[in-house]
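Scope of the values below: all heavy atoms of this structure, side chains included, with no hydrogens, waters or symmetry mates.
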Amino acid sequence: MLLAKTIAARLILVTVLCTALVFALVLGVVDYRSQAIVEAEAAQSARHLAQASVYRVEAVLGAVTKTTEGLARTLESGEIGDQELRTLLRRSVESNPEIFGAAAAFEPAALGGQERRYAPYYFRDGDKISSMQLDETENYPLHDWYQIPRELGRAQWSEPYYDEGGSKTLMASLSVPFHSGSGEQRRIRGIVTADIALDWLTKTVDAIKVLDSGYAFLLSRNGTVITHPDAARMLNETIFSVAEARDDPAMRELGRRMIRGESGFAPYLTFKEVKSRLYYAPIPSTGWTLAIVFPEAELFADVRTLTLTVTAMGIAGLLLLAGITLRIARSLTRPLGELAAATAAISEGRFDVRLPSGNAQDEVGALSRAFKAMTIALREHIRRLVETTSAKERIEGELRVAHDIQMSILPKMLPLLPQRAEFDLHAAMVTAKEVGGDFYDFFEIDDNHLCLVIADVAGKGVPAALFMAVTKTLLKANAKAGRSAAEILGKVNDEIARDNEQSMFVTVFCGILNLKSGELVYTNAGHNPPVLMRRGGAPEWLPGKPQLVVGAMPATRYCSSSIVLERGDRLMLYTDGVTEAVDLDGAFYGEQRLLQDVAHSSGSVRDDVAALITAVESFAAGTDPADDITVMLVEFRGPGIG
């Protein structure tokens with residue numbers, strides 16, 4: 001059944017997952033340690049192989065170095081004739097098979113005080129030794145193999161080069177300076193060179209065999225590829241050019257370590273982008289680096305085979321464990337099948353379904369008895385829920401009607417006193433709940449005076465809405481011709497405070513605008529200060545003395561302030577739902593932000609009211625409304641303005 005299958009599946013899932021997790025952890029540790037051991041052994045083997053290879057190369061290069069330095073010392077020991085010099089060069093090449101060619105290049109003017117170049121060169125030409133004059137084929141003093149050791153004053157191996165003027169062969173040269181005189185009279189006399197052909201060095205490095213496809217290659221002091229199984233890369237690429245093409249910082253750092261003469265064993269991506277391990281070691285006499293490549297696939301092949309074998313065995317074991325767990329789970333969960341079917345019927349609303357017998361004294365019996373009790377309680381709960389839902393829907397309907405009634409008692413905005421052209425006005429209110437405690441009002445007291453009111457009742461919901469309706473009615477009833485805003489609020493306060501058993505109060509701003517002169521006489525009873533926007537000026541707070549809220553204390557006397565509005569001046573009235581709106585971080589919209597947003601307004605009064613409400617709602621987006629938002633904006637246009 002479904003319940004049995006669900007419990008069985010969970011039991012299998014938990015058992016198999018936990019076992020698989022332990023198995024994977026153990027397998028991962030074993031695989032990691034095995035690879036580490038293989039890598040350590042490979043590094044040690046590579047170290048020995050590299051050292052042996054370096055010794056072989058050093059033996060050859062050491063013999064070349066010894067022969068070349070001996071020839072330089074001979075030239076420094078005394079004057080040697082041309083024929084004797086040529087004999088020395090020929091014998092140096094004949095007796096040292098690793099030397100391809102040898103030359104003695106003299107400094108111009110070093111022979112007999114004559115300004116001339118002289119550089120005899122002997123080299124292997126098949127089975128014989130041939131000679132030529134380098135001074136006849138090239139301007140050798142300008143070549144690196146001559147310039148660098150001359151300036152450094154010591155022996156120097158050159159970068160590999162193609163000898164176009166001499167033997168027409170790819171080679172590298174050891175250059176050793178020789179001098180005349182001693183002490184302060186010591187002067188450079190020339191350079192003795194010994195060339196080794198790169199084909200010999202390539203064969204020596206290619207003889208290094210690693211696994212099935214591993215290989216070795218040689219880098220110069222500047223990272224240039226000297227020898228490589230891929231002949232097209234020789235002298236055409238450097239390890240840094242490859243790193244730059246790949247944008248590979250790791251290879252770039254590896255190249256730096258290699259040319260610094262360091263040794264090590266590091267991850268390496270071959271020129272053909274094969275993941276490998278690289279052991280590198282310096283050849284001290286030349287500053288070159290021997291690198292041996294171990295392909296990862298071959299290096300860790302045995303470890304991966306062992307890992308796959310153990311993984312296959314583990315999967316087979318997990319399948320066996322899952323089968324055994326399934327049998328055990330089904331035997332334990334079968335008695336719950338009938339109860340699962342019965343509860344499914346109950347969930348569909350069929351409370352008369354027959355439940356399994358609850359006579360058993362085990363967990364299934366206890367569960368059956370609990371379900372019977374739950375079924376009885378559920379029937380009663382549903383009955384009560386239906387009644388509660390009906391009552392809630394009725395209340396919500398009444399609140400919607402109350403909201404419509406509340407909005408209907410606010411002044412209609414269109415058309416807005418179309419017979420009056422002395423001012424333009426727009427107002428809007430957004431309630432935090434179905435009904436709210438904010439309200440605004442504007443009406444003509446007589447032909448020349450317009451009363452402006454905005455208020456905020458302490459509290460929200462139905463009580464605040466009722467208090468708002470009473471206050472609005474009293475304000476309009478007491479706004480008589482000849483009364484100031486202070487007198488109006490005083491009378492309203494006395495009416496409200498007399499029977500205010502709930503101690504409710506309301507903040508009110510009441511102003512009377514003279515439509516002829518632009519004089520505004522106003523009283524602020526604890527309300528937010530309006531924003532005065534002079535035409536062409538920056539927004540500022542409307543000045544006024546702080547006074548007590550309406551309804552808090554009977555017999556309160558209020559005082560009025562006055563200001564004259566010029567044509568194009570605006571006055572913005574608002575409630576604290578604007579400045580006290582909060583964002584997701586709990587920050588308030590605030591008075592400073594209000595001034596900044598109002599300063600950017602330049603449209604009609606309707607557009608600017610809508611823009612401010614949109615700005616506040618965007619600021620508080622994602623939060624529950626904290627308070628009603630009410631905004632009124634009036635622009636004085638002056639008499640006779642259409």
Check: [Y] main-chain N/O paired with [X] side-chain donor or acceptor under 3.5 Å:
{"X": "Asp583", "Y": "Asp585", "value": "yes"}
{"X": "Gln547", "Y": "Cys559", "value": "yes"}
{"X": "Thr630", "Y": "Phe439", "value": "no"}
{"X": "Arg593", "Y": "Thr579", "value": "no"}
{"X": "Asn524", "Y": "Phe509", "value": "no"}
{"X": "Arg535", "Y": "Glu566", "value": "no"}

Verify whether one side chain among Asp446 and His449 offers a donor that lies under 3.5 Å from an acceptor in the other.
-> yes
Closest approach of [X] to [Y] (non-hydrogen atoms, all atoms of both residues):
{"X": "Ala428", "Y": "Ile613", "value": "CB-CD1, 3.6 Å"}
{"X": "Met632", "Y": "Asp441", "value": "CE-O, 3.6 Å"}
{"X": "Pro529", "Y": "Tyr574", "value": "O-OH, 2.9 Å"}
{"X": "Val550", "Y": "Tyr558", "value": "CA-OH, 3.7 Å"}
{"X": "Phe636", "Y": "Pro639", "value": "CZ-CD, 4.3 Å"}
{"X": "Val531", "Y": "Leu595", "value": "CG1-CD2, 4.0 Å"}

[X] [atom1]: over 12 foreign heavy atoms closer than 6.0 Å:
{"X": "Arg33", "atom1": "CZ", "result": "no"}
{"X": "Arg246", "atom1": "CZ", "result": "yes"}
{"X": "Phe505", "atom1": "CZ", "result": "no"}
{"X": "Glu244", "atom1": "CD", "result": "no"}

Can you find a heavy atom in the side chain of Glu487 that is under 4.5 Å from one in the side chain of Lys491?
-> no
Do Asp627 and Asp456 have side chains that get closer than 4.5 Å, going by heavy atoms?
-> yes
Using the ring of each side chain (for Trp, its six-membered ring), is Tyr589 parallel, tilted or perpendicular to Phe619, with breaks at 30° and 60°?
-> perpendicular
Partner of Thr575 by side-chain hydrogen bond (donor to acceptor under 3.5 Å, both in side chains), out of Asn528, Asp438, Asp628 = Asp438
Test side-chain contact (heavy atoms from CB on, under 4.5 Å) applied to Leu573 and Tyr440, step by step = CA-CA 9 Å; Leu573 313 177; Tyr440 62 87; over 6 Å; no
Derivation of the side-chain contact (heavy atoms from CB on, under 4.5 Å) call for Lys275 and Leu269 = CA-CA 5 Å; Lys275 288 186 177 181; Leu269 194 64; 4.0 Å; yes
So how far is it from Met572 CE to Asp608 CG, rounded to the nearest 0.5 Å?
-> 6.5 Å
Evaluate the criterion side-chain contact (heavy atoms from CB on, under 4.5 Å) for residue pair Leu21 and Leu25; output intermediate values, then yes/no.
-> CA-CA 6 Å; Leu21 181 62; Leu25 182 62; 5.7 Å; no
Evaluation steps, side-chain contact (heavy atoms from CB on, under 4.5 Å), between Ile512 and Ile488 = CA-CA 10 Å; Ile512 299 175; Ile488 295 172; 4.0 Å; yes
